Colleague: 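One structure follows; several queries about it will come next.
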Amino acid sequence: MPLALLALAVGAFGIGTTEFVMMGLLPDVADDLHISIPSAGHLVSAYALGVVIGAPLLAALTARMSRRTVLIALMALFVAGNALSAFAPGNASLLAARFLSGLPHGAFFGVGAVVATAMVPPERKARSVSLMFLGLTVANIAGVPAATLMGQHLGWRATFLAVSAIGVAAIAALALLIPRDHAPAPATGLRGELAALRSLPVWLALGTTVAGFGALFAAYSYVTPMLTDTAGYAETSVTLLLALFGVGATAGNLLGGRLADHSLRATLFGGLASLILVLLLFPLMMRAEWSAALAVALLGMAAFITGSPLQLMVMEKASAAPSLASSANQAAFNLANAGGAWLGGLALSAGFGTTSPALAGALLAVLGLGVAGVSYGVDRRRAVAHAGRVVAAHVPSTTETTGARNG
């Protein structure tokens with residue numbers, strides 16, 4: 001695999017760290033800015049909103065630019081957003097800085113996935129995407145815990161300065177390792193990029209992402225009370241257990257990339273089916289500490305098996321605008337984050353029990369598998385129709401055949 005993938009992984013590591021670290025720093029930020037915990041929670045939403053808006057917008061606006069240049073510019077915007085977060089004087093300015101930090105997130109992964117797949121042969125495309133995503137999953141193992149500890153001991157502002165430094169390192173790696181001959185983007189323009197998203201298969205692929213990863217976040221958003229109230233873990237153990245989730249996600253990401261290069265569709269179906277099974281078993285596995293720890297790792301593995309296949313499938317369905325479609329998939333991932341957490345919260349509020357968000361997630365995963373099945377059916381029908389048109393175009397008419405005989 002090209003060394004340039006390391007540069008993409010470094011950028012993904014920084015992005016993954018800044019996305020998830022705020023959840024662990026909410027009490028510190030709230031105390032320092034003299035706001036409530038729920039108000040501080042809006043900082044998480046501001047980042048997610050930046051991702052959803054920035055992913056398709058920036059990808060479309062930079063469609064004619066060199067992809068290497070776009071990646072460096074996006075990471076520079078990321079550095080600026082995190083540096084402004086570190087020096088934000090109050091809640092309003094911090095909200096704006098977090099929104100700014102989220103803007104380049106989806107477009108970076110979207111354009112990065114296109115660059116990654118352009119540097120490898122076709123049979124290694126999914127693996128190249130999984131290696132870029134490796135930075136995101138490793139961030140959950142090392143980056144987020146380390147950044148959280150730094151924030152708790154040195155202040156939350158030090159965390160965002162450190163993340164900015166990671167972004168600067170990513171810029172240097174991108175400039176040194178991303179080859180220029182793999183950078184050019186097709187000059188389709190904004191209208192051409194948007195037109196490519198009108199396809200039904202593209203929207204079915206994005207729908208699969210929303211439902212599939214919504215299933216993950218329905219359970220993961222409330223995994224802490226499951227571990228403490230049901231499994232019996234002390235709150236001090238939760239950070240280590242969440243690192244297990246990162247280990248599982250990393251393993252699933254690498255496994256999914258390798259398997260998808262052999263059969264993308266089978267890997268997607270298998271990943272969603274395994275996610276349904278894990279979520280259905282969650283209430284049982286939360287009854288003991290050892291099985292609860294195993295459940296957290298398996299949740300990360302089952303969910304992230306589908307990460308590379310979904311990213312690659314969206315890009316293939318919108319081959320005329322792969323950067324925009326790939327970035328839109330990251331926006332769909334963040335919609336899944338918000339929607340899944342909302343559905344899991346509804347299950348809790350309805351009084352169905354601490355582990356009920358996992359069962360709500362299982363329902364979403366079933367929906368995702370159904371949407372993936374519909375997508376497969378649409379692709380089969382279109383393939384048959386296309387084959388019929390090709391055959392018809394090559395079959396001579398009766399008049400032509402008669403004339404040829406007479407001649």
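Predicted, not measured: the structure shown is a model, and the values here were computed from it.
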Colleague: Is it the case that over 12 heavy atoms from other parts of the model lie below 6.0 angstrom from the NE2 atom of H153?
Modeller: no
Colleague: Please examine the side chains of T208 and L272, heavy atoms only from C-beta on, and report whether any two atoms are closer than 4.5 Å.
Modeller: yes
Colleague: Just by modelled atom types, is the A175 backbone N or O under 3.5 Å from a matching donor or acceptor in the R68 side chain?
Modeller: yes
Colleague: Nearest 0.5 Å please: distance from the CG atom of L264 over to the CE atom of M313.
Modeller: 7.0 Å
Colleague: Hey, are the side chains of L216 and F245 touching, using non-hydrogen atoms and a 4.5 Å cut-off?
Modeller: yes
Colleague: For a quick test of reading the model, state the closest non-hydrogen atom pair linking G214 to A336 and the distance between them.
Modeller: N-CB, 3.3 Å
Colleague: Taking C-beta and beyond as the side chain, do L58 and F108 meet within less than 4.5 Å on heavy atoms?
Modeller: no
Colleague: Looking only at atom types and distance, does a side-chain atom of D261 sit under 3.5 Å from a main-chain N or O of A126, one as donor and one as acceptor?
Modeller: yes
Colleague: Compare all side-chain heavy atoms of D32 with those of V29 and state whether any distance is below 4.5 angstrom.
Modeller: no
Colleague: If I compare all heavy atoms of G167 with all of M75, which pair ends up nearest, and what's the gap?
Modeller: O-CG, 3.4 Å
Colleague: Just do the side-chain contact (heavy atoms from CB on, under 4.5 Å) check on L204 and K317 with the steps written out, would you?
Modeller: CA-CA 10 Å; L204 288 173; K317 301 304 177 190; over 6 Å; no
Colleague: Could you tell me which non-hydrogen atom of A169 sits nearest to which non-hydrogen atom of V10, and how far apart they are?
Modeller: C-CG1, 4.5 Å
Colleague: Report yes if the side chains of T355 and L359 come closer than 4.5 Å at any heavy-atom pair, otherwise no.
Modeller: no
Colleague: Find the distance between OG1 (T267) and NE2 (H262) and round it off to the nearest 0.5 Å.
Modeller: 8.5 Å
Colleague: Assess whether atom OH of Y376 is packed by more than 12 heavy atoms of other residues, nucleotides or ligands within 6.0 Å.
Modeller: no
Colleague: Could you give me the CA-CA distance, side-chain angles and deciding distance for K125 and V129, then say whether side-chain contact (heavy atoms from CB on, under 4.5 Å) is met?
Modeller: CA-CA 6 Å; K125 284 187 174 182; V129 173; 5.8 Å; no
Colleague: Under 4.5 Å between any side-chain heavy atoms of V247 and T137, yes or no?
Modeller: no
Colleague: May I ask you to check whether over 12 heavy atoms, not counting those of R258, lie within 6.0 Å of atom CZ?
Modeller: no
Colleague: Got V51 and E19 here, is their nearest side-chain heavy-atom distance under 4.5 Å?
Modeller: no
Colleague: Go through the side-chain N and O atoms of D229 and T354 and say whether any donor and acceptor fall under 3.5 Å apart.
Modeller: no
Colleague: For the pair H105 and F109, name the ring-plane relationship: parallel under 30°, tilted 30 to 60°, perpendicular over 60°.
Modeller: tilted
Colleague: Output side-chain donor-acceptor pairs under 3.5 Å for residues 278-292, partner residues at least two apart or in another chain, one line each.
Modeller:
| from | atom 1 | to | atom 2 | distance (Å) |
| --- | --- | --- | --- | --- |
| S291 | OG | M285 | O | 2.5 |
| S291 | OG | A288 | O | 3.2 |

Colleague: How many angstroms lie between atom CG of L275 and atom CG of L299, to the nearest 0.5 angstrom?
Modeller: 6.5 Å
Colleague: Between N82 and I166, does the side-chain contact (heavy atoms from CB on, under 4.5 Å) criterion hold? Intermediate values first, please.
Modeller: CA-CA 10 Å; N82 281 279; I166 296 173; over 6 Å; no
Colleague: Which pair of heavy atoms, one from S85 and one from F160, lies closest together, and at what distance?
Modeller: CB-CG, 4.0 Å
Colleague: At their closest point, which heavy atom of P357 faces which heavy atom of A218, and how far apart are they?
Modeller: CB-O, 3.1 Å
Colleague: Closest heavy-atom contact between Q311 and F133?
Modeller: OE1-CZ, 3.7 Å
Colleague: Rounded to the nearest 0.5 Å, how far apart are CG of L8 and CG of L134?
Modeller: 12.0 Å
Colleague: Within the distance-only criterion (no hydrogens, no angle test), does the side chain of N140 pair as donor or acceptor with the backbone N or O of L136 below 3.5 angstrom?
Modeller: yes
Colleague: Hey, what do you get for OH (Y47) to OG1 (T18), rounding to the nearest 0.5 Å?
Modeller: 5.5 Å
Colleague: Go through the steps for S326 and V111 under the test side-chain contact (heavy atoms from CB on, under 4.5 Å), then give the verdict.
Modeller: CA-CA 7 Å; S326 184; V111 177; over 6 Å; no
Colleague: Taking the side chain from R98 and the backbone from G50, do they hold a donor-acceptor pair closer than 3.5 Å?
Modeller: no
Colleague: Within the 3.5 Å criterion, strictly below it, is a donor on R127 or S308 matched to an acceptor on the partner's side chain?
Modeller: no
Colleague: How many angstroms lie between CG in L84 and OG in S93, if you round to the nearest 0.5 Å?
Modeller: 9.0 Å
Colleague: Enumerate, atom names and distances included, each donor-acceptor pair closer than 3.5 Å involving a side-chain atom of residues 361-371, sequence neighbours excluded.
Modeller:
none

Colleague: What's the verdict on ring-ring contact (aromatic ring centres under 6.0 Å, His included) for F213 and Y220, showing C-alpha distance, side-chain angles and the deciding distance?
Modeller: CA-CA 10 Å; F213 277 96; Y220 186 65; over 10 Å; no
Colleague: Is the shortest side-chain heavy-atom distance between S274 and M301 below 4.5 Å?
Modeller: no
